[in-house]
Amino acid sequence: MQESKPVKIYNYHTIKEKMAKDFATRDENYSQWYNDLVIKADLAENSAVRGCMVIKPYGYAIWEKVQAQLDKMFKETGHVNAYFPLFIPKSFFSKEASHVEGFAKECAVVTHYRLKNSPDGKGVIVDPDAKLEEELIVRPTSETIIWDTYRNWIRSYRDLPILVNQWANVVRWEMRTRLFLRTAEFLWQEGHTAHATEKEAIEEAEKMLHVYAEFAESFMAIPVLKGVKSPNERFAGAVETYCIEALMQDGKALQAGTSHFLGQNFAKAFEVQFLSRENKLEYVWATSWGVSTRLMGALVMSHSDDNGLVLPPKLAPIQVVIIPIYKTDEQLAAISEKAHEIMAALKAKGISVKYDDRDTYKPGWKFNEYEFKGVPVRLAMGPRDLENGTVEVARRDTLEKNVFQLQDIDTKIEHLLDNIQENLFQKALSFRERMTFNADSWEEFKNILDTTGGFISAHWDGTPETEQKIKEETKATIRLIPINGKQEEGKCIYTGKPSQQRVIFARAY
RNA sequence: CGGGGUGUAGCGCAGUCCGGUUAGCGCACCUGGUUUGGGACCAGGGGGUCGAAGGUUCGAAUCCUUUCACCCCGACCA
């Protein structure tokens, strides 16, 4: 990029003043900013069904990229996809005690299978004669139906391991919902594996945690902490819950993925046994792991700014947009010809590029549009560029504009995209580092929560009671207990009792 | 389920207290023209059961009663 010469960076304050004040800034109102962004960048909108969202094409395109990459990573680690039913017989649920307890309060239940015309002629009613023998639960997660199925699949150690994933929707009847972060219905993947030994199952749960972490950092450009959940925060039915945790720009934590070692809990509940090499009947060891459309929320909140969405190149549906600037049809024709050459070169490198030659919008309008939608790189080409053999290149992450010579433009853009991807990660990482604190006293702990927020590394006496008290008093929870955390003598931040390791606290989404 | 708030054009709002022309404004939309290197301008135009039902009145967006929906704050959560 040595041929590029810097030009004046446009003054964005001018733009902000000119822009219709229809969009909150992060400082004014962070949660409003998030809502505005999701809606105005066309990612999703609220639907006619309370708590359920419509994921719009642009948002769904990002989700498809997430899916495609994760699916590839799952396959590379030996997993295959399958599909299990949306409905789960109610009786299945009661088989694993802590599992029921965890989900009972948020289940949608199907009780009937038919409607009929209302006797008063006003619409339709549920036909009371069509009551189901056994009510069906709309899955909030699929452990029960899957383990009921696995019972029939597993006879011997030769049938193991089973490494299955499914892409599905699930329903959890939430009181309060927010687009992507918490919706009554959401999309996710859930991996469900069965193993002959405890060791193998634990290794699987840990392996998938690392897959998630790798995905978050390399593709979403979001740095994550890896650890295990405290008993309070553990998945209902799990022996151990591993998690990755990210820090949002407002200093709140967001759980970005979980992987569970389920022990033999579900195998025992569903009588799933196998004959070992030693011809002994044993219960199967299990894991499950998932990430959801919540990742979309994490993506938005990690990188975006007051000018709109900022997308990491690896997940951006459109990586490069080209906008022609012209007065006459002749100019447009000449620019279009050049633009198509550039497009072809970029596409040959696997870069997704859009040429926006609509004459129904002005260039300035388009600049704002793509900026708001987080397109990583924008090329603008006008008569002046045509004359000079140049193109104006604007990058979304830093808002810088430069003029590039057209020679080897494809390679330059390719490098620029890599550079943006890396820059976003580094920016998020240094933010997290700035926002991670050690607290050694209760005063210090509360002070951090009230001023900056962020991750707080502190000693904890290891009891659920203490965690609960801290939560009640500060709304902060233990986000995770770091894996391979440093052993260090200390005193619990709350009770003063001895502790061997710091854990990570934060207020969370 | 508790506490607060809002329902008027696709979106954002004014009008409601104190009832009275044809319900108004900005954005968006449509037509024509001039424009096009950071959200263009001018002119013209279309679009409303004023959340719903009932009542008071000569007359209701406005007053009364009932009801529904949504949003925000809390308890629950990937």
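Order of the sequence lines sets the chain letters (A, B, ...), proteins ahead of strands, with each chain counted from 1. Nothing here was measured: the structure is a model prediction, and the numbers come from that model.
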Spacing of the P atoms in C11(B) and G48(B) (rounded, Å): 14 Å
Rounded distance in Å between the C1' positions of A69(B) and A53(B): 14 Å
Pairing partner of A9(B) (Watson-Crick or G-U wobble, both distances under 3.5 Å): none
Aromatic centroids of Trp63(A) and Phe180(A) separated by under 6.0 Å: no
Rounded distance (Å) that lies between atom P of A40(B) and atom CZ of Phe367(A): 11 Å
Nearest-angstrom distance, P atom, A52(B) to A9(B): 11 Å
Residue-phosphate contact under 4.0 Å: Lys362(A) side-chain N/O, A40(B) OP1/OP2: yes
Rounded distance in Å between the P positions of A28(B) and C70(B): 30 Å
Donor/acceptor link under 3.5 angstrom from Lys401(A) side chain onto base of G38(B): yes
Lys229(A) charged N/C atom sitting above Phe235(A) aromatic ring, 6.0 Å / 45°: no
5′-ward residue of the pair Asn46(A)/Lys471(A) relative to RNA chain B: Asn46(A)
Whole-Å distance separating the NZ atom of Lys40(A) from the C1' atom of G10(B): 14 Å
Sugar-phosphate, base or nothing in reach of Tyr509(A), heavy atoms under 4.0 Å: nothing
Residue matched to G20(B) through Watson-Crick or wobble contacts both under 3.5 angstrom: C58(B)
Sugar-phosphate, base or nothing in reach of Gln255(A), heavy atoms under 4.0 Å: sugar-phosphate
Sugar-phosphate, base or nothing in reach of Ser292(A), heavy atoms under 4.0 Å: base
Ring centers of His99(A), Trp147(A) separated by less than 6.0 Å: no
Lys/Arg cation over aromatic Phe219(A): Lys314(A), 6.0 Å, 45° cone: yes
Over-ring placement of Arg182(A) relative to Tyr509(A), 6.0 Å and 45° cut-offs: no
Rounded distance in Å between the P positions of G19(B) and U57(B): 16 Å
Counterpart base for A40(B), defined by Watson-Crick or G-U wobble contacts under 3.5 Å: U34(B)
Touch class at under 4.0 angstrom, heavy-atom based, for Thr183(A) against every strand present: base
Sugar-phosphate only, base, or nothing, as touched by Leu181(A) at under 4.0 Å among non-hydrogen atoms: base
Counter-base of G74(B), judged by Watson-Crick or G-U geometry with both distances under 3.5 Å: C1(B)
Close aromatic pair by centroid cut-off 6.0 Å: Phe261(A) and Tyr242(A): no
Glu185(A) vs Arg50(A), nearer the 5' end of RNA chain B by closest nucleotide: Arg50(A)
Pairwise C1' distance for U62(B) and A14(B), with rounding to whole Å: 14 Å
